[in-house]
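Before any comments, here is the structure.
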Amino acid sequence: MPANRFNGHTDYGIGIGLRIPHYRHILEEKPVCDWFEIISENFMVDGGRPLQILDEILEQYRVVQHGVSLYFGSTDKLNRAHLKKLKALIKRTGTPWISDHLCWGSVDGTYSHDLLPIPYTFEAARNAARKIREASDFLEVPIAVENVSSYAEFHTSEMTEWEFLTEVVEGADCGILLDVNNIYVSSRNHKFRALDYVENVPHERVAQIHIAGHTKFEKYILDTHDHPVLKPVWKLYERAIQLGGNTATLLEWDDRIPSFEEVHDEALKAAQFLQETTLSK
Amino acid sequence: MKLREIQQRMFRAITEPLTASERTRARGLDGRSMRKEAEAIIKPNDRLSSLERLEIYNRQYWFRIIGSLYDDFPGLEAILGENRFEKLSQAYLQDCPSRSHTLRDLGARLEGWLEQHPEHAGRHLSLALDMIRIEWANIEAFDAAELPSPRMSSWRFVRIRQISASACSPISGWWQ
């Protein structure tokens with residue numbers, strides 16, 4: 001859905017992740033770009049250079065916040081101090097929605113700084129949904145949760161990942177940040193049909209889509225965000241927008257980052273799929 | 001197994017220190033079999049055992065947090081050398097794992113920890129501590145709140161406090 005209540009009824013087009021190597025180019029050349037996604041935690045600070053850069057970006061561009069540490073899947077309680085800092089940043093950026101991962105990563109207040117997979121159980125779904133609702137009530141902005149890449153499956157799982165995602169987002173009444181690269185990576189690591197995932201999520205809840213590159217190893221695939229988007233991921237993207245409509249799309253490129261133009265050109269390849277979908281309707 | 005127990009056991013497993021060849025240890029620090037621990041939680045597949053799947057996360061954990069210390073304390077690494085810095089980082093992070101949502105705070109307790117564990121800096125202890133203070137101050141200054149500049153009229157209330165020059169002199173000597 002191009003605009004829905006899970007992305008603040010916006011229609012943002014194609015964006016890229018705001019990364020340090022591109023700061024100078026963006027601020028000096030002011031290239032055309034629909035929007036930038038920022039990592040919230042990098043700007044949840046008291047002042048200094050990060051906020052100075054952010055304010056300059058906000059003068060020219062639309063920004064959406066993406067987080068990496070709310071850990072909705074952890075059994076730990078939400079961190080109130082964290083939420084307060086996040087809310088202050090939301091007021092600063094005016095982001096129409098925020099996103100974070102459907103994962104866990106902390107135990108008893110100690111952090112792994114990783115995006116760890118959740119066992120797909122009803123207990124885990126209820127836990128995550130409750131925390132997403134609490135966060136959404138406090139932050140007063142729509143939340144979309146992102147499916148993560150995973151390298152492990154649990155004995156205790158009771159359903160498929162897409163069933164689990166559906167259980168969580170319907171329980172929390174929140175949106176989905178559908179990462180089609182993560183779907184591809186997990187489908188290869190766990191041997192399921194990636195299209196089954198894309199076709200069976202509640203499309204009306206998809207607020208945003210992520211595309212990215214990955215790295216193949218001998219026995220598994222790792223979500224590295226250091227390559228262009230590969231063909232099978234584009235195919236999943238095409239199917240996702242056929243089913244859900246033209247959705248705000250973002251290219252992630254986090255390692256071995258090339259020039260701004262190269263990253264942006266890669267992201268704009270999504271435009272041809274968006275146009276085809278629009279023409280076919 | 002309940003969700004909380006799965007998370008506690010998996011967290012303990014992925015934060016176990018790696019071997020010298022950066023693999024998951026056969027036994028955890030408390031002597032339990034890591035293979036059995038992995039098998040209790042994680043399913044194998046046709047390419048990877050439960051332990052090999054756990055190892056992906058075990059390695060990611062240590063690579064990420066030690067990498068973060070490398071980024072934050074390049075001067076300390078230059079003083080200690082790569083091997084000693086890596087051993088120090090691993091020992092520090094075992095004693096002081098991250099308690100913050102951001103990796104930015106990972107080195108916050110490094111100075112106090114090294115004072116308690118001076119053997120990790122050898123004969124460079126004083127220099128290492130000075131460098132940690134400078135590099136941590138740099139991190140704090142980068143994103144600290146901006147305070148208004150003091151007005152001239154307020155200077156008469158300023159008290160000058162003497163601080164030791166020893167914190168600076170070894171650094172300047174080292175750079176020369």
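The chains referred to below are lettered A, B, ... by the order of the sequence lines, with proteins before strands, and numbering in each begins at 1.
Using a 4.0 Å cut-off between charged nitrogen and carboxylate oxygen, D143(B) and R104(B) count as a salt-bridge pair. A salt bridge is defined here as a Lys NZ or Arg NE, NH1 or NH2 lying under 4.0 Å from an Asp or Glu carboxylate O, and R12(B) with D30(B) meets this definition. With respect to the salt-bridge test (charged N to carboxylate O, under 4.0 angstrom), the residues E55(B) and R59(B) do not qualify. Salt bridge E115(B)/R133(B): present, at least one basic N to carboxylate O contact under 4.0 Å. Using a 4.0 Å cut-off between charged nitrogen and carboxylate oxygen, K77(A) and E134(A) do not count as a salt-bridge pair.
Looking only at heavy-atom pairs under 4.5 Å with chain A, the residue among I65(B), I14(B), D46(B) that has the most is D46(B). The choice from Q8(B), R4(B), M10(B) that makes the most heavy-atom pairs within less than 4.5 Å of chain A is R4(B). For chain B, the option among M44(A), Q52(A), H82(A) with the highest count of heavy-atom pairs below 4.5 Å is H82(A).
Proximity to chain B (any heavy atom under 4.5 Å) is shown, for N79(A), by neither the backbone nor the side chain. For E52(B), the part sitting under 4.5 Å from any heavy atom of chain A is the side chain, from C-beta outward, and nothing else. There is no contact between L54(B) and chain A, counting heavy-atom distances below 4.5 Å. Contact of S68(B) with chain A is not made at all, since no heavy-atom distance falls under 4.5 Å. With a 4.5 angstrom heavy-atom cutoff, S157(A) does not touch chain B via any of its atoms. Contacts of L103(B) with chain A are made by both backbone and side-chain atoms, with heavy-atom separations under 4.5 Å. In this structure, the portions of T110(A) lying under 4.5 Å from any heavy atom of chain B include both its backbone and its side chain. The part of L222(A) that comes within reach of chain B is its side chain, from C-beta onward, which places non-hydrogen atoms under 4.5 angstrom from that chain. Contact annotation for L3(B): both backbone and side-chain heavy atoms come within less than 4.5 Å of a heavy atom of chain A. Heavy atoms closer than 4.5 Å to chain B are found in both the backbone and the side chain of D108(A). Residue contact with chain A, scored on non-hydrogen atoms closer than 4.5 Å, involves the side chain of N45(B) exclusively. Of the two parts of R64(B), only the side chain, counted from C-beta on, holds a non-hydrogen atom closer than 4.5 Å to a non-hydrogen atom of chain A.
Between H66(A) and H101(A), the ring center distance clears the sub-6.0 Å criterion. For F164(A) and F122(A), the ring centers sit 6.0 Å or farther from each other.
Contact annotation for residues 179-194 of chain A against chain B (heavy-atom separation below 4.5 Å, listed by residue number): R188(A), N189(A), H190(A), K191(A).
Within the model, atoms CE of M34(B) and OG of S50(B) stand 12.0 Å from one another, a figure rounded to the nearest 0.5 Å.
Ring geometry, W104(A) versus F11(B): the interplanar angle falls from 30° to 60°, so the pair is classed tilted.
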- Message: Working note: D95(B) + W113(B), criterion side-chain hydrogen bond (donor to acceptor under 3.5 Å, both in side chains); need CA distance, chi angles, decisive distance, verdict.
- Response: CA-CA 8 Å; D95(B) 288 350; W113(B) 177 86; 2.8 Å; yes
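Between D223(A) and Y151(A), some side-chain heavy-atom pair lies under the 4.5 Å cut-off.
Heavy atoms from other residues, nucleotides or ligands lying under 6.0 Å from CZ of R24(A) number 12 at most.
Nearest heavy atom pair, residue M1(B) against residue T156(A), reads O-CG2, 3.8 Å.
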